[in-house]
Amino acid sequence: ELFYDLVFVAAVVVLSHSYSVSPTASDLIWLVLVFVLIWMTWLQTSLLFNVQRSQRLTMRLLVLTQMLLLVIAAVSASDGTYRHSEYVGPILGLILMILSAMQWKAEHDEPELRSYTRPRMAGNTVAAVLLVSTPLWGDSSYVIGWCLAIAAVLVPLLRPDPLAGDRR
């Protein structure tokens, strides 16, 4: 768990450093959007591990893949909006699809998690499709797609927790 959290800390440090090198308004918007998606990924993964009792090899491999892609996304995003930005959306979309796979695996192993995982899987899948398609939208239109993707991830998180009071 500590290594997992350190990967997210490293991603934030890389993004913070890139803004200190290029403190423009467009870079700030870019980095805030990337940071929000990375933070929501960390939040959902951490919450999933808190409600899931068993974590088998498949889940650990999915987490390892997610961590590797997060590092690649942060490094690519740190170059700013004009370099590598066509890769960051699809990479973050793939990260969210891996998160959906983790949620599906948790539900498969523990069917009582269905009410918890299904809305999150749906939101992550919609967001992933939006993020993967943003390179087709043009240089500045990505902001609209990314904001919609953030909303798709955020809406299921705002619903009351269906497991509240049932698990620790």
Side-chain angles (χ1 to χ4, degrees), residues 4-5 7-51 62-63 65-104 106-107 115-162 164:
Y4 176 76
D5 291 339
V7 166
F8 284 92
V9 170
V12 170
V13 168
V14 167
L15 293 173
S16 300
H17 174 71
S18 74
Y19 182 69
S20 70
V21 171
S22 177
T24 65
S26 64
D27 283 336
L28 178 62
I29 292 167
W30 167 251
L31 294 172
V32 165
L33 291 172
V34 172
F35 171 77
V36 167
L37 285 163
I38 287 175
W39 182 80
M40 287 196 303
T41 299
W42 171 81
L43 176 67
Q44 285 191 74
T45 305
S46 297
L47 290 173
L48 179 64
F49 286 155
N50 285 336
V51 298
L62 288 169
V63 169
T65 304
Q66 182 191 65
M67 290 166 47
L68 175 65
L69 288 172
L70 278 164
V71 169
I72 293 169
V75 169
S76 294
S78 71
D79 287 339
T81 56
Y82 302 109
R83 295 185 191 161
H84 306 298
S85 61
E86 67 269 17
Y87 302 117
V88 178
I91 293 169
L92 289 170
L94 185 56
I95 290 168
L96 290 176
M97 287 308 299
I98 290 170
L99 182 56
S100 290
M102 292 165 62
Q103 290 162 334
W104 178 86
E107 178 185 317
S115 62
Y116 180 85
T117 58
R118 286 290 167 106
R120 287 163 173 79
M121 282 189 287
N124 289 333
T125 302
V126 168
V129 169
L130 287 167
L131 290 169
V132 167
S133 68
T134 54
L136 305 173
W137 297 29
D139 287 341
S140 59
S141 299
Y142 80 89
V143 174
I144 297 166
W146 282 47
C147 288
L148 291 171
I150 289 169
V153 173
L154 188 60
V155 167
L157 296 176
L158 297 176
R159 295 178 60 218
D161 185 357

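Quick caveat, the model's predicted, so the values are computed rather than measured.
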**Request:** Please list, chain by chain and in numerical order, all residues satisfying side chain to side chain contact (heavy atoms under 4.5 Å, CB included) with A101, sequence neighbours excluded.
**Result:** L62

**Message:** Please give me the minimum heavy-atom distance between F8 and I38, naming the atom from each residue.
**Reply:** CE2-O, 3.4 Å

**Minimal non-hydrogen separation, M40 against L154, with atom names** = SD-CD1, 4.1 Å

**Prompt:** Is the closest side-chain heavy-atom distance between W104 and T117 below 4.5 Å?
**Reply:** no

**Prompt:** Under the side chain to side chain contact (heavy atoms under 4.5 Å, CB included) test, which residues partner V63, sequence neighbours left out?
**Reply:** Y4, F49, M67, M102

**Prompt:** For Q66 and T45, does a side-chain donor sit closer than 3.5 Å to a side-chain acceptor?
**Reply:** yes

**Item:** side-chain hydrogen bond (donor to acceptor under 3.5 Å, both in side chains) partners for S133, two or more places apart
**Value:** W137

**Message:** Looking at every non-hydrogen atom in both residues, tell me the closest pair between P156 and P119 and how far apart they are.
**Reply:** CG-O, 3.3 Å

**CD1 on I72 to OH on Y87, rounded to 0.5 Å** = 13.0 Å

**Request:** Looking only at non-hydrogen atoms, find the nearest pair between G145 and T134 and report the distance.
**Result:** CA-CG2, 4.1 Å

**Asked** What's the verdict on side-chain contact (heavy atoms from CB on, under 4.5 Å) for Q44 and V153, showing C-alpha distance, side-chain angles and the deciding distance?
**Response** CA-CA 9 Å; Q44 285 191 74; V153 173; 3.1 Å; yes

**Asked** Can you name the side chain to side chain contact (heavy atoms under 4.5 Å, CB included) partners of L136, sequence neighbours left out?
**Response** none

**Item:** With sequence neighbours excluded, residues passing side chain to side chain contact (heavy atoms under 4.5 Å, CB included) with L148
**Value:** L130, I144

Side chains of residues 91-100: which donor-acceptor pairs under 3.5 Å do they make with residues two or more places apart or in other chains?
from: S100; atom 1: OG; to: L96; atom 2: O; distance (Å): 3.3
from: S100; atom 1: OG; to: M121; atom 2: O; distance (Å): 3.4

**Request:** Could you tell me whether the side chain of W42 reaches within less than 4.5 Å of the side chain of V7, counting heavy atoms only?
**Result:** no

**Prompt:** When rounded to the nearest 0.5 angstrom, what is the spacing between CD in Q103 and OH in Y116?
**Reply:** 7.5 Å

**Message:** How long is the straight-line distance from CZ of R120 back to CG of L48, given to the nearest 0.5 Å?
**Reply:** 9.0 Å

**Asked** In Å, rounded to the nearest 0.5 Å, how long is the span from CG of L28 to CG of L33?
**Response** 9.5 Å

